[in-house]
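In what follows, a single structure is set out as structure tokens and then discussed.
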There are 2 protein chains.
Amino acid sequence: MTPAATAAGTRDLPHPARDDIRLEDVLHALSDPVRLRIVRDLAADSDALFSCSHFDLPVTKSTTTHHFRVLRESGVIRQTYRGTAKMNGLRRDDLDVLFPGLLDALLAAAARQAARVGTG
Amino acid sequence: MTPAATAAGTRDLPHPARDDIRLEDVLHALSDPVRLRIVRDLAADSDALFSCSHFDLPVTKSTTTHHFRVLRESGVIRQTYRGTAKMNGLRRDDLDVLFPGLLDALLAAAARQAARVGTG
DNA sequence: CGGCTCGTACGATAGCCCTCGTAGTACGGC
DNA sequence: GCCGTACTACGAGGGCTATCGTACGAGCCG
């Protein structure tokens, strides 16, 4: 009902401000295998936005919603409605300002482990 | 009672092998403020080994033991007995081989946040 | 309008985790 | 040998979390 939300069915979702993003929350969000995989997939095509249903995760839809919310509330991803779909994208810009090099190091570490163990 | 442990009171503690260290476990270990602080303190004097009681943590001794064990079992620190004291050191060598640049990025991120928020 | 798909909300359950207190073990010094 | 120090083990409690099922709202298409 907010005047800003009147435009083209764009419901807003609560995101933490950049300065409210805490490192512990980011690390906790990424310490779950399902969420780490989501972030890796999002980073693969960094510019593209994927809907929640685009991912093939070994959990139900309810749990998927939960994981995406954890990622959003920790400041790792940005979610915007596009019609009935919810598009997800990394908050790479904000994370790079707050913690330069961290995201790349994390993604590289995840990729390295996936190649080593075969979990990706 | 093992023959190897007979030498000079060196009780052994179970550490994960380098190839058994999992990124998710490392991130989970570091997602706790107390443990993140321990790691930051250990990294400050990277060569030195500190006993558990060296740290001034806002938790009891039992909880401190618990946190050090989580850090050890996740592969972040190495613990060795030295008489009655237990010396702690970062496993920087192993972590750098597994995840190059990750530890430095994490420490830099933690330092940056501490400077920003004043939690350090 | 009717139905379809996408995602949410709510409740429930089970497991994990942080915290602590108390009791106990290992080592060093007197 | 005895005591103090450093740390551990065990058990308990309280809270968070991951997971699910079911029921529901929001937008699109015919």
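These values consider heavy atoms only, across backbone and side chains, with no hydrogens, waters or symmetry-generated copies. Letters A, B, ... mirror the listed sequences (proteins, then strands); counts begin at 1.
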Between P of C/dT5 and NE2 of A/H54, the distance in whole Å: 19 Å
Quick one: side chain to side chain donor-acceptor pair (under 3.5 Å) partners of B/T80, sequence neighbours excluded? none
Whole Å only: how far is the CD atom of B/E24 from the P atom of C/dC16? 16 Å
Under the side chain to side chain donor-acceptor pair (under 3.5 Å) test, residues paired with A/D94 that sit two or more places apart: A/R78, A/R91
Under a 3.5 Å distance rule, please check whether A/R116 uses its side chain to pair with a backbone N or O of B/D19 as donor and acceptor. yes
To the nearest Å, how far apart are B/F55 CZ and D/dC7 C1'? 15 Å
Hydrophobic side-chain clustering at under 4.5 Å (ILVMFWY, transitive links): who's grouped with B/V97? Put none if nobody. none
Using whole Å, report how far CZ of A/R82 lies from C1' of C/dT5. 17 Å
Can you tabulate the close N/O pairs, meaning under 3.5 Å, that link protein atoms to atoms of nucleotides 20-26 of chain D?
residue : atom : partner : partner atom : Å
D/dC20  : OP2  : A/T60   : N            : 2.8
D/dC20  : OP2  : A/T60   : OG1          : 3.4
D/dC20  : OP2  : A/T63   : OG1          : 3.1
D/dG21  : N7   : A/S62   : OG           : 3.2
D/dG21  : O6   : A/S62   : OG           : 2.9
D/dT22  : O4   : A/S62   : OG           : 3.3

Taking CE from A/M87 and C1' from D/dG27, how many angstroms apart are they, rounded to a whole number? 15 Å
Between C1' of D/dT17 and NE2 of B/H28, the distance in whole Å: 10 Å
Between C/dC18 and B/R35, is there an OP1 or OP2 to side-chain N/O distance shorter than 4.0 Å? yes
Are any of the side-chain nitrogens in A/D104 or A/R92 under 4.0 Å away from the carboxylate oxygens of its partner? yes
Rounding to an integer number of Å, can you tell me how far A/Q79 CD sits from C/dC6 C1'? 13 Å
Could you list the cluster mates of B/M87? Members are the ILVMFWY residues connected by side-chain heavy atoms closer than 4.5 Å, either directly or through other members. B/L49
Just to verify, what does B/T60 make a side chain to side chain donor-acceptor pair (under 3.5 Å) with, not counting sequence neighbours? B/T63
Base, sugar-phosphate, or nothing for A/T64, non-hydrogen atoms under 4.0 angstrom? nothing
Atom-to-atom span, OH of A/Y81 to P of D/dG27 - whole angstrom: 9 Å
Results of ring pair (Phe, Tyr, Trp, His ring centres under 6.0 Å) for B/F99 - residues two or more places apart only: none
Is the phosphate of C/dG7, meaning OP1 or OP2, less than 4.0 Å from a side-chain N or O of A/S53? yes
Among residues 65-73 of chain B, which residues get a heavy atom nearer than 4.0 Å to DNA chain C? B/H66, B/H67
Those residues that, when tested against A/D41, pass side chain to side chain donor-acceptor pair (under 3.5 Å) (two or more places apart): none
